[in-house]
Amino acid sequence: VQLQASGGGLVQAGGSLKLSCAASGRAISNYEMGWFRQAPGKERDFVAAITRRGSTPYYADSVKGRFTISRDNRVNTVYLQMTKLEPEDTAIYYCEAGGPYSGGYTYTYHQPSTYDSWGQGTLVTVSS
């Protein structure tokens, strides 16, 4: 599956952005989907994930209550709604696909190795 993230940009602290991840090649209904981010000079960190049918979202503690992950399998797209943005959220955001998995995903959703496909990211810059 090929993935393309979009929707990034420059926003002031406290603002909002909505990222999209458009998939092609295969139906994302077969995949668990995740968002990761990488700030300059830092490792790629988990942000949010969602199960194949969208029944269960997962979030990093740093974004819980501010970010919402969703998916629309009919249009092969995953979203990340980001609100109350902080300068610490500045990073390149990547969407990633993995699986399908059975119950074990509950324990591995935050690990980069859980996902085998990712595309070009989209840059989010939050100014103070």
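For the numbers below, each heavy atom of this structure counts, side chains included, while hydrogens, waters and symmetry mates do not.
- Arg53 pairs by the side-chain hydrogen bond (donor to acceptor under 3.5 Å, both in side chains) definition with nothing, not counting sequence neighbours.
- Counting only heavy atoms from C-beta outward, the side chains of Tyr109 and Tyr115 approach each other to under 4.5 Å.
- Applying the salt bridge (Lys or Arg N to Asp or Glu O under 4.0 Å) test to every pair with at least one member in residues 27-41, sequence neighbours left out, gives these pairs: Glu32-Arg52, Arg37-Asp89.
- The hydrophobic cluster containing Met33 does not contain Phe36, counting ILVMFWY residues as joined when their side-chain heavy atoms lie under 4.5 angstrom apart, directly or transitively.
- When side chains are defined from C-beta on, Thr51 counts as touching Tyr58, because their heavy atoms get closer than 4.5 Å.
- Across all their heavy atoms, Pro87 and Ser128 have their closest contact at CG-CB, 3.9 Å.
- Under a cut-off of 6.0 angstrom, the local environment of CD in Gln120 is sparse, with at most 12 non-hydrogen atoms contributed by other residues, nucleotides or ligands.
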Worked check of side-chain contact (heavy atoms from CB on, under 4.5 Å) between Val124 and Thr90
CA-CA 5 Å; Val124 173; Thr90 295; 5.9 Å; no
Would you be so kind as to tabulate the donor-acceptor pairs closer than 3.5 Å made by side chains of residues 94-103, with sequence neighbours excluded?
residue, atom, partner, partner atom, Å
Glu96, OE2, Arg44, NH1, 2.9
Tyr101, OH, Thr114, O, 2.5

For residues 16-29, dump all side-chain donor-acceptor pairs below 3.5 Å to protein atoms at least two apart in sequence or in another chain.
residue, atom, partner, partner atom, Å
Arg26, NH1, Tyr31, OH, 3.4

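- Under the 4.5 Å side-chain heavy-atom criterion for ILVMFWY residues, a single connected hydrophobic cluster contains both Met82 and Val11.
- Residues Leu80 and Thr68 form no side-chain contact, since every pair of their non-hydrogen atoms from C-beta on lies 4.5 Å or further apart.
- Remark: Asn30 engages no residue in a side-chain hydrogen bond (donor to acceptor under 3.5 Å, both in side chains) (not counting sequence neighbours).
- With contacts defined as side-chain heavy-atom distances shorter than 4.5 Å, the pair Phe67/Thr83 does not qualify.
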Would you mind writing out the side-chain donor-acceptor pairs for residues 1-8 within the sub-3.5 Å range, not counting sequence neighbours?
none

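- Looking at Trp35 and Ile69, their side chains come closer than 4.5 Å, going by heavy atoms from C-beta outward.
- Taking the centre of each ring, Tyr59 and Phe46 stay at or above the 6.0 Å mark.
- Not a single donor-acceptor pair under 3.5 Å links the side chain of Ser62 to the backbone N or O of Ala60.
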